[in-house]
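We use all heavy atoms of the structure for the numbers below, so side chains are in, but hydrogens, waters and symmetry mates are not. As the structure is a computational prediction, the values presented were derived from the model and not from experiment. Whatever order the structure lists ligands and atoms in, that order sets their numbers, starting from 1.
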Amino acid sequence: MGLFSAWRYFERVDQIPVAELAAAGVTCVLIDRDNTCVPRDAKVAPPAVSAWLDEVRAAGIKTCVVSNNFHGSQVEKSARELGCEVVHHAMKPAPFALRRALSLMGATADEAVMIGDQVFTDVVAGNLAGVRTILVRPQSRRDLWYTHIMRVGERLVLRGKTFEDGGER
Ligand SMILES: [Mg+2]
């Protein structure tokens with residue numbers, strides 16, 4: 001599997017079947033904040049996302065937000081609202097923050113999954129840390145200016161990839 005390839009692809013976080021994560025031996029979910037949990041044009045996560053995270057924890061899987069966002073207090077507030085642990089200033093695609101999150105959660109790389117909306121930060125960081133990755137579509141079209149530039153390369157990398165739609169829940 002290449003550096004830019006994710007393990008699975010889903011349209012939205014809340015469409016990822018929790019039972020399949022558990023069956024795949026996942027005990028720890030590391031999850032990006034911006035445009036994965038909280039849309040760039042909003043301050044709070046949609047109810048479906050927070051309900052999904054509750055469902056993950058009900059299955060005995062630990063959850064930790066891993067965010068590059070420089071506004072640490074905003075990230076901490078979201079993590080608290082979502083019931084997740086948090087590692088901010090993550091500097092993804094560097095793998096260090098993921099390793100820090102794993103040790104915080106008491107999980108090994110092979111029992112974790114990194115979920116995010118960007119190939120060149122979330123997926124690459126996961127692959128460098130030896131963690132399986134799930135790429136979701138960004139929740140909002142609003143992105144930081146440099147993310148818009150990365151999206152151009154991302155479209156090339158994602159050509160021909162199918163995003164699973166878990167169906168209506
Ligand atoms: Mg993001």
| field | side-chain contact (heavy atoms from CB on, under 4.5 Å) involving His71 - partner list, sequence neighbours excluded | value | Asn69, Gln74
| Do Glu111 and Val26 come within less than 4.5 Å of each other through their side chains, counting heavy atoms only? | no
| request: Compare all side-chain heavy atoms of Ile31 with those of Thr36 and state whether any distance is below 4.5 angstrom. | output: yes
| query | salt bridge (charged side-chain N to carboxylate O under 4.0 Å, His left out): which pairs involve residues 115-125, sequence neighbours left out? | reply | Lys92-Asp122, Asp117-Arg151
| message | Could you list the cluster mates of Trp145? Members are the ILVMFWY residues connected by side-chain heavy atoms closer than 4.5 Å, either directly or through other members. | response | Leu144, Tyr146, Ile149
| Can Thr147 and Asp143 be counted as having a side-chain donor-acceptor contact under 3.5 angstrom? | no
| task | Could you please give the number of protein N/O/S atoms within less than 2.8 Å of the Mg ion (ligand 1)? | result | 3
